[in-house]
Amino acid sequence: MLDIKFIRENQQIVRKAIADKQLGESLKSLNELLLLDEEFRLLRSDLEEKQAKRNASSKKIGELKRRGENADELIQDMGRLSNEVKKLEEKSRSLEAQINTLMLELPNIPHQSVPYGQGPQDNVVAKEHGEKPQFDFQPKPHWELATARGWFDLEAGVKTTGAGFPVFKGEGARLLRALIQYFLNKLNDLGYTEIAMPLMVNAESATATGQLPDKEGQMYQVSDGFYLIPTSELVLANLHRDEILATETLPIKYAAYSACFRREAGSYGKDVRGINRVHQFDKVEMVQLTEPAKSYEALEQMTETSEAMLEALGLPYRRLLMCSGDMGFTQAKKYDLEVWSVGQGRWLEVSSVSNIEAFQARRLQTRFRDGGVSGKAKPELVHTLNGSALALPRTVAAILENYQNADGTVTVPEVVRPYFGKALME
RNA sequence: GGAGGGUUGGCCGAGUGGUUGAAGGCGACAGUCUUGAAAACUGUAGUAGGGGUAACUCUACCGGGGGUUCGAAUCCCUCACCCUCCGCCA
């Protein structure tokens, strides 16, 4: 959510952001918002004036009554005034609700370093690292390797649940677990606090982080008004909702492993082969809350953390700087990391690291100030950042494909061996 | 699932429908004293929004939302959460 004052005073910037992000629909929201905001502010001053009168009279009536004097006349006047106040209050409430809804439809503003672009084709390759492996045999895609050795069983998942709910078995399941361990330990070493969390959230949390209303169709809704989390970012970012933090506690760094659930409506073809895109997957995520001045430094640092993991795993990858049109509703700047999938001959996105600036924090009301909660300084909104380190299925796919041997076995990357327990999947 | 009791400022905790934005305590901050600290004493301080160059001033906020009333922290309804008891399941 943007600051209403900012919107009011910087209409052109907001308009440009909407256009750059290819969200033409939001322009209507902006226009309507500006009108309602004007109306709301006029109404407010009228209302507040009348409230002030009412408060004064009420006080006077109290005094008269205490002294045992007659206040009937004043009470009659108050009746009329109160009615007006009540009507204005009602109007004010409904305007405020409308304004709020519209505010939720305005996207975050891209950082100045974000290139303009209409879609994925305009993303900029910011970096490429590692050699694509060469084989003296025809490398296979991960689903062939895994099915042949029984490392996962997609049919079984279809049976128990439906398409896109993979079942991992034996050494396949073990590889998942080993990777999760490796990632979390790595992040612990870097000062991230590990969190284990609920896999469902309420609408309030989902609204605060920006999934609602923007991505409602992407989430599974279960009973009692809960949503299955599409990413653990949602819970991590909400951990300090409505809190004022001491500056010294920043940056706050959280890491978590969780299952993630996404409806992924409209996906098809090679995108969904094997475990390229599934409805339930595992992910290790990092979230940081920082002071505004330090958030872009943190974005680089978090991206480098994910890259370091890919390097340690020996997977060739590239870093994309996402263009304005492909970066999503809440982000100010975002990098995607993609690994080379040799069996499919394509890049697979395994991480996405974003700076949300104050866009989430404004809804979360997560603030900080010098001197802590009861300090004197004015509270200020934190910046929130999130990034995957890393998403499991595609990392597994890349490992299987890039480390495959001619006989269908897979060499386990060295850094994972302590967790996996041996050097070869067979 | 049923029946009761709760939710007040950073924390604890008063609060009778009418000068209560809210006593008191703790904690915080500033000052006095002290070589320094502690103690003691004195003082300051909620959050958000609006108006004003400023001094200042207005409004809202006592879990959330609605209502009753001339007037609500206080009465009513509703939702959420916490506690106790009963039932059910582990």
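Each chain gets a letter, A, B and so on, in the order its sequence line appears, and its residues count up from 1. Every value quoted in this text rests on a predicted model; they were computed, and no experiment measured them.
Put simply, Arg54(A) has a side-chain N or O that comes within less than 4.0 Å of OP1 or OP2 on A60(B). For Arg369(A) and G10(B), the shortest distance from a side-chain N or O to OP1 or OP2 is not below 4.0 Å. Applying the 4.0 Å criterion to OP1 and OP2 of G71(B), one finds that Ser82(A) has a side-chain N or O inside that range. Phosphate proximity of A48(B) to Arg367(A): present, with a side-chain N or O under 4.0 Å from OP1 or OP2. In terms of phosphate contacts, Asn55(A) brings a side-chain nitrogen or oxygen within less than 4.0 Å of OP1 or OP2 of U59(B). Phosphate contact (OP1/OP2 of A48(B), side-chain N/O of Lys378(A), threshold under 4.0 Å): present.
Sorted by first and then second residue, the side-chain hydrogen bond (donor to acceptor under 3.5 Å, both in side chains) pairs with a member in residues 149-174 of chain A read Glu171(A)-Lys422(A); sequence neighbours excluded.
Straight-line distance between the C1' atoms of G71(B) and U16(B): roughly 16 Å, to the nearest whole Å. G65(B) and A72(B): their C1' atoms are spaced 16 Å apart (whole Å). Between A22(B) and U47(B), the two P atoms lie 15 Å apart (nearest whole Å). Taking atom P on both nucleotides, C12(B) is separated from G27(B) by 15 Å, rounded to a whole Å. When the C1' atom is used for both C70(B) and C62(B), the distance is 23 Å, rounded to whole Å. A48(B) and G31(B) are spaced 31 Å apart, taking the C1' atom of each and rounding to whole Å. A gap of 8 Å separates the C1' atoms of A73(B) and G15(B), to the nearest Å. Nucleotides A37(B) and A30(B) are separated by 11 Å at their P atoms, to the nearest Å.
If you look at His240(A) and Phe368(A), their ring centroids are not closer than 6.0 Å. Taking the centre of each ring, His383(A) and Tyr296(A) stay at or above the 6.0 Å mark.
Lys86(A) comes within contact range of at least one nucleobase, with a heavy-atom separation under 4.0 Å.
Shown here, G46(B) forms a base pair with C61(B); the pair counts as Watson-Crick or G-U wobble because both key distances fall under 3.5 Å. Pairing partner, A14(B): none, since no Watson-Crick or wobble contact has both distances short of 3.5 Å. When both distances must be under 3.5 Å, the Watson-Crick or G-U wobble mate of A3(B) is U84(B). The partner of U74(B) is absent, by the rule that a Watson-Crick or G-U pair needs both atom distances under 3.5 Å.
The side chain of Ser58(A) has G18(B) as its nearest neighbour among G18(B), U47(B), A60(B). The nucleotide whose nearest atom lies closest to any side-chain atom of Gln51(A) is, among U19(B), G71(B), A60(B), A60(B). For Arg8(A), whose side chain is taken as the heavy atoms from C-beta onward, the closest listed nucleotide among G50(B), C70(B), U19(B) is G50(B). Considering only side-chain atoms of Glu48(A), the nucleotide from U47(B), U59(B), G71(B) that sits closest is U59(B).
Taking atom CD on Glu84(A) and atom P on U59(B), their separation rounds to 17 Å, with Å as the unit. As rounded to whole Å, 10 Å separates atom P of C70(B) from atom CD1 of Ile61(A). In this structure, the CZ atom of Arg241(A) is 12 Å from the C1' atom of A80(B), given to the nearest Å. Nucleotide G51(B) holds its P atom 15 Å from the CG atom of Leu47(A), rounded to whole Å. Rounding to whole angstrom units, CG of residue Asp224(A) and P of C79(B) are separated by 14 Å. For the pair Glu63(A) CD and U20(B) C1', the interatomic distance rounds to 14 Å; values are reported in whole Å. Between Glu380(A) atom CD and A48(B) atom P the separation is 12 Å, expressed in whole Å. G63(B) atom P lies 19 Å from atom CD of Glu243(A), rounded to whole Å.
The number of heavy-atom neighbours closer than 6.0 Å to CD of Glu25(A), taken from other residues, nucleotides and ligands shown, is 12 or below. Heavy atoms from other residues, nucleotides or ligands lying under 6.0 Å from CD of Glu297(A) number 12 at most. Environment of CD in Glu9(A): crowded, with over 12 heavy atoms of neighbouring residues, nucleotides or ligands closer than 6.0 Å.
Sequence order on RNA chain B of the closest nucleotides to Glu49(A) and Lys65(A) puts Lys65(A) first from the 5' end. The nearest heavy atom of RNA chain B to Arg93(A) and to Ile75(A) marks one nucleotide each, and the one closer to the 5' end goes with Arg93(A).
Using a cut-off of 4.0 Å between Lys/Arg side-chain N and Asp/Glu carboxylate O, Glu84(A) and Lys87(A) are scored as not salt-bridged.
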